[in-house]
Amino acid sequence: MTRLGIDFEHASRTWWESGGSDLWEALTGEPDASSVVVDDDLAASWLGQAEQLPGWSGGPEFAPHPIRAATLSEDEEDL
């Protein structure tokens with residue numbers, strides 16, 4: 001399982017305004033969600049689409065993308 005979450009330190013709005021907002025809402029089902037846990041294959045597919053939008057890599061070194069991904073351990077999956 002993978003947790004995808006908004007990286008609030010990525011200040012650029014380009015990705016969000018170039019279709020990222022719609023893509024994120026399609027994944028989470030709600031516009032105000034700050035994170036979601038999904039199957040690894042779905043996360044990889046979604047990230048592949050997300051990186052095609054303008055602004056994906058427009059952030060600083062410490063927050064290069066508007067969405068961050070983290071693989072969950074078995075313990076975290078049960079939370």
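Position 1 is the first residue of the sequence; numbering continues from there. Reckoned from all heavy atoms, side chains included, excluding hydrogens, waters and symmetry mates.
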With hydrophobic residues grouped by side-chain heavy-atom distances under 4.5 Å, do Phe8 and Phe62 end up in a single group?
-> no
Distance (rounded to the nearest 0.5 Å) between Asp7 CG and Ser34 OG = 11.5 Å
Over all atoms of both residues, closest heavy-atom pair of Gly55 and Pro66 | O-CD, 4.3 Å
Heavy-atom pair with the smallest gap, counting every atom of Ala33 and Thr28 = CB-CB, 3.7 Å
Interatomic distance, Ile67 atom CD1 to Glu51 atom CD [nearest 0.5 angstrom] | 13.0 Å
Plane angle bin for Trp56 and Trp46 - parallel if under 30°, tilted between 30 and 60°, otherwise perpendicular = perpendicular
How far apart are the closest heavy atoms of Gly19 and Leu53, and which atoms are they?
-> C-CD1, 3.6 Å
Of all heavy-atom pairs linking Arg68 and Ile6, the shortest is NH2-O, 3.2 Å
Non-hydrogen atoms of Ser57 and His65 that approach each other most closely | OG-CE1, 3.4 Å
Output for pair (Gln52 CD, Leu23 CG), nearest 0.5 Å, gives 11.0 Å
Distance-only, no hydrogens or angles: does the Ser21 side chain make a donor-acceptor pair with backbone N or O of Glu17 under 3.5 Å?
-> no
Qualifying residue for side-chain contact (heavy atoms from CB on, under 4.5 Å) with Met1, from Thr71, Leu42, Leu72 = Leu72
Verify side chain to side chain contact (heavy atoms under 4.5 Å, CB included) between Leu4 and Leu47, making sure each step is shown before the conclusion.
-> CA-CA 9 Å; Leu4 299 174; Leu47 287 166; 4.1 Å; yes
Return yes if some donor-acceptor pair links the side-chain N/O of Trp15 with the main-chain N/O of Ala50 below 3.5 Å, else return no.
-> yes
What are the two closest non-hydrogen atoms of Ser35 and Arg3, and how far apart are they?
-> OG-NH1, 3.9 Å
Give the intermediate values and the outcome of side chain to side chain contact (heavy atoms under 4.5 Å, CB included) for residues Asp39 and Thr2.
-> CA-CA 6 Å; Asp39 177 84; Thr2 300; over 6 Å; no
